[in-house]
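Data first, discussion second: the structure below is written as structure tokens.
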Amino acid sequence: MGSDNEVNDAQTNSRRRFLGKSAALGLAGAGVLAGCKENGAGAPGSASASAAAAGKSHGAGKAHVEPGQLDDYYLFSSGGHSGEARIMGVPSGRTLRRIPVFNIDPMVGWGITNESKAIMGTKPDGSLKYTTGDTHHVHGSYKDGTYDGRFLWVNDKIHSRLARIRMDTMECDKITELPNVQGFHGIFPDKCDPVDKSVNHTTRVFCGAEFAIPFPNDGRDLDDPSKWGSLFTCVDAETMDVRWQVRVDGNMDLTATSYDGRFACSNQYNTENAADQAGMMAAERDACVFFDVARVEALVKAGKFTTIGSSKVPVVDGRKAVNADPKTAVTCYVPVGKNPHGVNASPDGKYMVCSGKLSPTATVIEVALVAKWFDGELKTERDAVVAEPEIGLGPLHTAFDGKGNAFTTLFLDSQIVKWNVAAAIAQFKGDKTVKPVVDRVDVHYQPGHGYASMGETKDADGKYFNSGNKFSKDRFLPVGPLHSETEQLIDITGDQMVIISDHTAYPEPHDAIIVRRDIVKTRQIYNMDDFPNKVTADNAGITRNGNKVHVRLMSQAPAFSMPVIKVKKGDEVTLTLTNYDKVEDLTHGCALPTYNINFIVNPQETKSVTFKADHAGAFWMYCTHFCHALHLEMRSRFLVEA
Ligand SMILES: [Cu+2]
């Protein structure tokens, strides 16, 4: 292979020249492209302060953020069956980013590059195991009861997967498929370690599954749904490995965790364990099931678990019948309104609120009383309920302002209702003079999730509530049969709620969190050394091992390091590209016509693709992501010899 070595030497010389020459070009390009830009950190208040100064009625202008000014909050949302997650600015409603997770996204090359495919999971032939997902809930990692800005987690209901997103790069770094479950819906990170209380940050992520399935789901018991069941799953927040599962009665919907770390809980419908709709609605009350996490883990440690099929994950039995004795129970089923939807922890750490959905009530459960039940000091599970205010029709999800008020979405009434938790408790105790409901506002139309600024933390600040509406009908310009969704932003600083703007959302976000901007610390440029496969001046060029060809390429505006890349038909080509530009926002793309290759490399980032050069010809590999005045000239000839 002497000739190959000669070629490589020539390439080494040319790439060294390339780096010297285009470094100068890159800097020149930076001058053209890079504007003056704030880095996003800082205390909130600017936009809302100027809105308050405007003092307009009906909230007009309150969501306005001046050109060049930054939003006070990030909104991290799921993207429904698009399979992605999204970032929006609050209060402006500006779309900031879409984060591909379970979907394929040529904009960044997600599902196309080797690195993203390794995270998503592949079949033996190298193709993706799954190409679709259904994201519902996004929640952030905690420290000291508030967001620490490290991670977001988002679920995939279709294929029962949990994904983690790094908040410094806003990219998915791990995906875990949960065994033995279907219809994985609710997720929530813990807020401190349930076993080691000195660890005051997120250590585990809890996952509730909706659908009951046979154990194992391999074709057995197809005609006997009475043998099917669903499992609550605990995933390690760091390794993303599945730690354990608990079998429960009923179907789990949403998930929440207590501030003291002791409990995870899930609101449940179909505690009847029925397989048909009428049966699922038969009972007048369903439940919110609480898991004593430390007790579950003690059983796992003691070997008191089973496994299902080929899965090695320990499964503990949390069904009601085998957990009747509170002192040894791992689960406590607190009765709540019929077919509930949503469970939310109040920022003071005292309560969990479940909404009735088929009951016009919210059920307030005192966490300390649930602890008493597990200690054998409470007569019945029902005694943990401290309020059940009538709030309206079709209550779904509740958010909090940190001032003692709850805000619940009413799907059927198409309203947000504001109610006072202390007043609801007083009324439940018999005080007939108090009225828990403080205010109502119509939303457009039919709200699903609702969430408040920092509302899932002890730093709930009572500024904004976002209503995620399920139908937009006439709110926006018509765009054909598929409508945009409406997100309505509501000012909740006063006694009365004021809708201040409608934002469109591409179908179909479910849930979101609103995070203060000073918590989010992103990196603007990658560290090249974080990529073990980075291309350097020493290894750039083409190497061949039989029919396996590795093309190591660098980009620096406005050029790729090799103007000509020549391979042979039938070669398996791995193309690795490192972006040597070090200027903020100087991203390059790499597209290869007829080979279905399309991805980007951000400053100092490395990505790779592998494909079979199965047809001969000349193909212009070009930069897709605008980078320079000579962007159109940034291309190389990719030649495949017959
Ligand atoms: Cu470019």
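All ligand and atom numbering here is 1-based and tracks the order in the structure.
Rounding to 10°, one obtains 110° for the angle at the Cu ion (ligand 1) between SG (Cys627) and ND1 (His588).
Metal site remark for the Cu ion (ligand 1): Cys623 contributes an N, O or S atom at a distance under 2.8 Å. Not a single N, O or S atom of His625, from either the backbone or the side chain, sits less than 2.8 Å from the Cu ion (ligand 1). Among the atoms of His631, none of the N, O or S atoms falls under 2.8 Å from the Cu ion (ligand 1). For Ser555, every N, O or S atom stays at 2.8 Å or more from the Cu ion (ligand 1).
With salt bridges taken as basic N to acidic carboxylate O contacts below 4.0 Å, none links Lys607 and Glu115. No salt bridge links Lys174 with Asp236; every basic N to acidic carboxylate O contact stays at or beyond 4.0 Å. Between Asp156 and Arg161 there is a salt bridge, since a side-chain N of the basic residue sits under 4.0 Å from a carboxylate O of the acidic one. Between Arg544 and Asp571, at least one side-chain N (NZ, or NE/NH1/NH2) sits under 4.0 Å from a carboxylate O, which counts as a salt bridge.
A donor-acceptor pair shorter than 3.5 Å cannot be found between the side chains of Ser78 and Asp511.
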